[in-house]
Amino acid sequence: MSKFYLIRHSITKGNLEKRYIGAKTDEPLCKAGYELLKEKHYPKVEKVIASPMKRCIETAQLLFPDTQIQIEESLRECDFGEFEYKNYQELKDNPKYQEWIDSMATLAFPGGESPQQFKDRCIAGFDKMVDTCIRRHYRNVAMVVHGGTIMSILEQYGVPQKSYYDWRVENGCGY
């Protein structure tokens, strides 16, 4: 039987500033991100799969320095469109942002992905990676990805069944 560890990347400057850091911002880890990983202990794995974003690749390299990383494009973060790298303070007076909030976050991000497109992409990528890992008989696999990616996967497959936002995960943590 294979075990899959879903790990959220460590901290970036944008995380500290509570920004929407999506597919268009390839931000590296900040000093706090490196420090956080020194405090964590992770299981040994045979396979590491990561989002193509710097923050995920750097986290994977730090956590699993002796394991080759396979990049899976479909596990990248959501495309936040016009909201990319902005935070609540910068968006609170934006009518499009208020419309998105009023929709209970179901509308597509202006110029970006819809939540359902994002979830479908993440689940398809996860399914592909799980199938490959099982066929290759990997027993322990780490996926170093984004919080939204993890929430999408676990909303679909997590036990007990919970809603998307109930699967929130802090930087450097996971399931």
Side-chain angles (χ1 to χ4, degrees), residues 4-30 33 36 49-60 70-133 141-175:
F4 293 87
Y5 300 95
L6 302 175
I7 302 167
R8 183 178 176 198
H9 64 80
S10 197
I11 303 167
T12 68
K13 180 179 179 274
N15 291 139
L16 293 174
E17 297 171 355
K18 301 194 182 310
R19 295 183 178 281
Y20 289 93
I21 308 167
K24 294 178 183 171
T25 303
D26 203 9
E27 185 172 65
L29 300 180
C30 65
L36 175 67
I49 299 165
S51 156
M53 308 304 287
K54 285 180 190 172
R55 53 198 181 266
C56 294
I57 294 169
E58 287 181 2
T59 299
Q70 178 178 338
I71 303 302
E72 176 52 42
E73 182 68 32
S74 61
L75 298 176
R76 73 188 180 286
E77 182 58 282
C78 186
D79 181 345
F80 294 123
E82 293 176 24
F83 301 162
E84 182 74 23
Y85 214 70
K86 294 185 172 107
N87 61 25
Y88 173 76
Q89 290 302 319
E90 295 164 333
L91 290 168
K92 65 181 179 174
D93 297 323
N94 180 327
K96 291 179 185 178
Y97 184 68
Q98 191 56 55
E99 184 180 1
W100 180 77
I101 294 290
D102 291 346
S103 80
M104 303 296 287
T106 58
L107 289 178
F109 292 98
E113 285 181 290
S114 75
Q116 194 59 55
Q117 288 170 319
F118 169 65
K119 291 175 185 181
D120 290 346
R121 173 173 53 77
C122 291
I123 291 164
F126 178 76
D127 289 347
K128 174 181 151 189
M129 291 295 93
V130 167
D131 182 58
T132 299
C133 290
V141 178
M143 292 185 175
V144 182
V145 293
H146 309 274
T149 305
I150 292 171
M151 292 174 0
S152 297
I153 293 165
L154 292 180
E155 179 184 41
Q156 179 74 25
Y157 295 118
V159 176
Q161 188 170 17
K162 297 182 197 177
S163 71
Y164 178 83
Y165 291 106
D166 289 332
W167 290 107
R168 284 187 189 141
V169 61
E170 297 296 319
N171 292 99
C173 297
Y175 295 96

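Computed from heavy atoms alone, side chains included, the values below leave out hydrogens, waters and symmetry copies. Residue numbers count from 1 along this sequence.
- Counting all heavy atoms, side chain and backbone alike, Ala60 lies closest to Ala50 at CB-CB, 4.5 Å.
- Rounding to the nearest 0.5 angstrom, the gap separating the CG atom in Asp79 from the NZ atom in Lys24 is 4.0 Å.
- Judged as a side-chain contact (heavy atoms from CB on, under 4.5 Å), and not counting sequence neighbours, the contacts of Cys30 are Ile11, Leu16, Ala32.
- Residues His146 and Ser51 form a side-chain contact, since some pair of their non-hydrogen atoms from C-beta on lies under 4.5 Å apart.
- Applying the side chain to side chain donor-acceptor pair (under 3.5 Å) test to Glu155 and every residue at least two apart in sequence or in another chain returns Lys119.
- Among residues two or more places apart in sequence or in another chain, the side chain to side chain donor-acceptor pair (under 3.5 Å) test is passed with Tyr85 by Glu27.
- Not counting sequence neighbours, Arg8 has no partner by the salt bridge (Lys or Arg N to Asp or Glu O under 4.0 Å) test.
- Listed by first then second residue, pairs satisfying salt bridge (Lys or Arg N to Asp or Glu O under 4.0 Å) with a partner in residues 109-118 read Glu113-Arg121, not counting sequence neighbours.
- In this structure, the side chains of Cys133 and Ile49 come closer than 4.5 Å at one or more pairs of heavy atoms.
- Between the Ser10 side chain and the Gly33 main chain, a donor and an acceptor come within less than 3.5 Å of each other.
- Contact record, Gly112 with Ala108: O-CB, 4.4 Å, taken as the closest heavy-atom pair.
- Interatomic distance, SG of Cys78 versus OH of Tyr20, reported as 10.5 Å (0.5 Å rounding).
- The OG1 atom of Thr132 lies 8.5 Å from the CD atom of Glu72; values are rounded to the nearest 0.5 Å.
- Sequence neighbours left out, the pairs with a member in residues 11-22 that pass salt bridge (Lys or Arg N to Asp or Glu O under 4.0 Å) are Lys13-Glu17, Glu17-Arg19, Arg19-Glu90.
- Without hydrogens or angle criteria, Trp100 side chain to Phe109 main chain gives no donor-acceptor distance under 3.5 Å.
- For Glu58, there are no salt bridge (Lys or Arg N to Asp or Glu O under 4.0 Å) partners two or more places apart in sequence or in a different chain.
- Nearest approach of Gly22 to Arg55, heavy atoms of both residues: O-NH2, 3.0 Å.
- If you take CD1 on Ile21 and OG1 on Thr12, they are separated by 3.5 Å, rounding to the nearest 0.5 Å.
- For the pair Phe83 and Leu91, the tightest heavy-atom approach, listed with the atom from each and the gap, is CD2-CD2, 3.7 Å.
- Here the CE atom belonging to Met129 is positioned 7.0 Å from the CE atom belonging to Met143, to the nearest 0.5 angstrom.
- Annotation: side chain to side chain donor-acceptor pair (under 3.5 Å) contacts of Asp102 (sequence neighbours excluded): Gln98.
- Side-chain atoms of Thr25 and Glu84 form a donor-acceptor pair, as typed in the model, at a separation below 3.5 Å.
- At a threshold of 4.5 Å between non-hydrogen side-chain atoms, the residues Tyr175 and Ile153 do not count as touching.
- Sorted by first and then second residue, the salt bridge (Lys or Arg N to Asp or Glu O under 4.0 Å) pairs involving residues 161-175 (not counting sequence neighbours) form an empty list.
- Residue Lys86 comes nearest to Glu82 through the heavy atom pair NZ-O, 2.9 Å, listed as atom of the first residue, atom of the second, then distance.
- When all heavy atoms are compared, the tightest approach of Trp167 to Pro160 is CZ2-O, 3.2 Å.
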Side chain to side chain contact (heavy atoms under 4.5 Å, CB included) between Phe118 and Thr149, worked out
CA-CA 8 Å; Phe118 169 65; Thr149 305; 4.0 Å; yes

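- Here the straight-line distance linking atom CG of Leu36 with atom CG of Leu29 works out to 9.5 Å at 0.5 Å rounding.
- Shown here are the salt bridge (Lys or Arg N to Asp or Glu O under 4.0 Å) partners of Lys54, two or more places apart in sequence or in another chain: there are none.
- For Asn171, the side chain to side chain donor-acceptor pair (under 3.5 Å) partners at least two apart in sequence or on another chain are Asn15.
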Which is it for Phe126 and Val145 under the side chain to side chain contact (heavy atoms under 4.5 Å, CB included) test, yes or no, and what are the steps along the way?
CA-CA 11 Å; Phe126 178 76; Val145 293; over 6 Å; no

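- For Ile123, the side-chain contact (heavy atoms from CB on, under 4.5 Å) partners are Asp127, Gln156, Tyr157, not counting sequence neighbours.
- Between His9 and Met53, every side-chain heavy-atom pair lies at or beyond the 4.5 Å cut-off.
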